[in-house]
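Encoded as structure tokens, the structure appears first; notes follow it.
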Amino acid sequence: MWQNIEAAPVDSIFGLTDAFKKDQNPKKVNLGVGVYKDDTSNTPVLNCVKAAEKILLEKENSKSYLPISGDPVYAENVQKLLFGESSEVISSGRAATAQAPGGTGALRVGGDLLKKFYPGAKVWISSPTWANHKGVFITAGFELAEYEYYNDETKDVDFASMTARLKTIPAGDIVLLHACCHNPSGVDLNNEQWEKIADISKEKGWIAFLDFAYQGFGESVDADRYSVEQFAATGGDFFIASSFSKNFGLYNERTGALTIVSPTAEQSAVAMSHLKSTIRVIYSNPPAHGGLVAATILSDPELYAQWLEELGIMRDRIKAMRSALVDGLMKRGVEGDFSYITRQRGMFSFSGLSSEVVDWLREHKSIYVVGGGRINLAGLTSENIDYVCDGIAEALSKQ
């Protein structure tokens with residue numbers, strides 16, 4: 001069957017990790033894959049997760065299927081995180097939430113559902129965006145287009161070009177937006193800019209689809225949902241794909257959700273009916289464990305407080321590594337101002353390193369960076385930061 005078929009290309013990020021694992025250099029550093037690491041280069045299981053799993057182990061009495069849309073308690077707690085407990089969206093019942101296998105699963109389910117009712121629509125993605133966004137929506141059958149986002153000269157959002165483009169997008173098209181901690185740039189819109197984007201969506205009638213994979217990794221759980229709140233305030237339709245991979249460390253549990261917000265509770269019920277139909281033919285119903293863990297933590301005030309504390313530790317460590325990288329390069333006399341790295345948010349940074357530098361770092365120093373210069377700051381530690389700064393300084397000196 002496969003003798004005359006070429007092998008599929010290796011995923012750029014996971015392929016980088018495979019190469020890293022095979023590297024025999026004891027000083028090797030992986031700054032590619034988007035997984036949180038602590039200062040010992042370990043991806044930890046949070047203490048609140050261990051406590052929740054202990055509770056589940058003691059009380060769980062069945063492994064029967066979940067409903068198509070997942071655990072109702074999970075959905076209820078997802079909405080509280082997304083909108084705030086006192087949100088009008090929740091009290092009015094105009095949000096429908098289904099548990100999904102990770103944020104990627106939520107994006108794909110949303111894509112399939114939208115394709116059913118908007119077959120001629122385009123999906124607009126930021127330039128740049130997470131590489132897998134393209135694959136997810138192309139596979140769902142959409143034509144893609146791009147809107148301007150990152151300005152390589154200013155190392156900031158090109159907001160004028162972005163808004164100019166968004167004002168040209170026709171009603172019924174879908175605009176994919178990063179709710180916070182933009183991947184791969186780390187550059188986010190400010191609150192005033194989010195207000196303007198939400199106003200444009202209402203005026204033009206395109207459908208916002210927010211990818212919310214890093215809630216709590218920017219400033220705080222509450223502050224990071226500002227974008228969601230602005231779209232909720234428009235009273236219109238929009239989608240949210242959210243994930244607990246990063247902020248709960250539930251990477252291999254594939255714990256996410258798709259939330260569809262509608263103008264009324266009646267429309268929300270219709271949306272949920274079609275959401276269930278879409279899920280049924282893809283994976284039928286979601287895996288249980290990760291969702292039950294998250295729901296247990298979010299429903300227990302003591303575990304919830306513990307989670308916020310542990311999330312804060314992860315967020316603060318990443319910020320500390322941003323500062324350490326900038327300070328380290330400055331101390332080594334590297335030309336240029338890298339202070340923009342400290343203004344970025346979340347796990348990632350557009351470092352400004354060229355493809356030539358990225359290749360040199362991998363070949364000569366076993367420092368693995370995604371093509372285009374995206375760095376996962378969580379891959380830096382107190383032990384490898386000097387080695388990385390030395391490597392970058394040497395690489396840049398050869399350019």
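Position 1 is the first residue of the sequence; numbering continues from there. No hydrogens, no waters, no symmetry mates; every other heavy atom, side chains included, goes into these values.
Under a hydrophobic clustering in which Ile, Leu, Val, Met, Phe, Trp and Tyr are joined whenever their side-chain heavy atoms come within less than 4.5 Å, directly or via other members, Trp206 and Phe117 fall into different clusters. Under a hydrophobic clustering in which Ile, Leu, Val, Met, Phe, Trp and Tyr are joined whenever their side-chain heavy atoms come within less than 4.5 Å, directly or via other members, Val136 and Tyr147 fall into different clusters. Cluster membership for Leu380 and Phe20, using ILVMFWY side-chain heavy atoms within less than 4.5 angstrom, is shared. Residues Ile313 and Phe217 do not share a hydrophobic cluster, defined by chaining ILVMFWY side chains whose heavy atoms lie under 4.5 Å apart. Transitive grouping of hydrophobic side chains (ILVMFWY, heavy atoms separated by less than 4.5 Å) brings Ile367 and Ile392 into a common cluster.
Side-chain atoms of Thr129 do not come within 3.5 Å of backbone N or O of Ile125 as any donor-acceptor pair. At distances below 3.5 Å, at least one donor-acceptor pair connects side-chain atoms of Asp300 with backbone N or O atoms of Leu303. The closest donor-acceptor contact from the side chain of Asn77 to the backbone of Val73 lies under 3.5 Å. Between the Arg315 side chain and the Gly216 main chain, a donor and an acceptor come within less than 3.5 Å of each other. When atom types are taken as modelled, the side chain of Trp360 and the backbone of Ser355 share no donor-acceptor pair closer than 3.5 angstrom. Judged by distance alone, the side chain of Arg362 and the main-chain N or O of Leu16 form no donor-acceptor pair under 3.5 Å.
Considering only heavy atoms from C-beta on, Val175 stays 4.5 Å or farther from Val123 through its side chain. Under the 4.5 Å side-chain criterion, counting only non-hydrogen atoms from C-beta, Tyr251 is in contact with Val35. Looking at heavy atoms from C-beta onward, Leu210 lies out of side-chain contact with Leu176 at the 4.5 angstrom threshold.
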- Chi angles and distances behind the salt bridge (charged side-chain N to carboxylate O under 4.0 Å, His left out) call for Glu266, Arg94: CA-CA 8 Å; Glu266 291 75 19; Arg94 59 188 188 93; over 6 Å; no
- Yes or no on salt bridge (charged side-chain N to carboxylate O under 4.0 Å, His left out) for Arg317 and Asp38, after CA distance, side-chain angles and deciding distance? CA-CA 8 Å; Arg317 197 190 92 72; Asp38 62 19; over 6 Å; no
- Message: Go through it in stages, so that I can follow the logic: the residues are Thr259 and Thr97, the test is side chain to side chain donor-acceptor pair (under 3.5 Å), and I'd like the CA-CA distance, side-chain angles, deciding distance and then a yes or no.
- Response: CA-CA 4 Å; Thr259 299; Thr97 297; 2.8 Å; yes
- Message: Set out, in order, the CA-CA distance, both residues' side-chain angles and the distance that settles side chain to side chain donor-acceptor pair (under 3.5 Å) for Asn285 and Arg280, then state yes or no.
- Response: CA-CA 7 Å; Asn285 38 43; Arg280 178 62 173 145; over 6 Å; no
- side chain to side chain donor-acceptor pair (under 3.5 Å) assessment of Arg254 paired with Ser243: CA-CA 8 Å; Arg254 308 311 297 130; Ser243 169; 5.6 Å; no
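Screening Asn183, Asp211, Thr104 against His133 for a side chain to side chain donor-acceptor pair (under 3.5 Å) leaves a single residue, Asp211. Checked options Tyr340, Tyr150, Phe338; the residue passing with Phe350 is Tyr150 (criterion: ring pair (Phe, Tyr, Trp, His ring centres under 6.0 Å)).
His182 and Tyr149 have parallel rings, their planes meeting at less than 30° on a 0 to 90° scale where 60° marks the start of perpendicular. Note on ring orientation: taking the six-membered ring where Trp is involved, the planes of Trp194 and Phe231 are perpendicular (angle over 60°, cut-offs 30° and 60°).
Under 4.0 Å is where a charged nitrogen must lie from a carboxylate oxygen, and between Asp188 and Arg345 at least one such pair does. Ionic pairing of Glu219 and Lys319 is present here: one or more N-O contacts between side-chain nitrogen and carboxylate oxygen are shorter than 4.0 angstrom. Between Arg108 and Asp112 there is a salt bridge, since at least one side-chain N of the basic residue sits less than 4.0 Å from a carboxylate O of the acidic one.
Residues Asp237 and Ser262 approach most closely at OD1-CA, 3.6 Å, considering heavy atoms.
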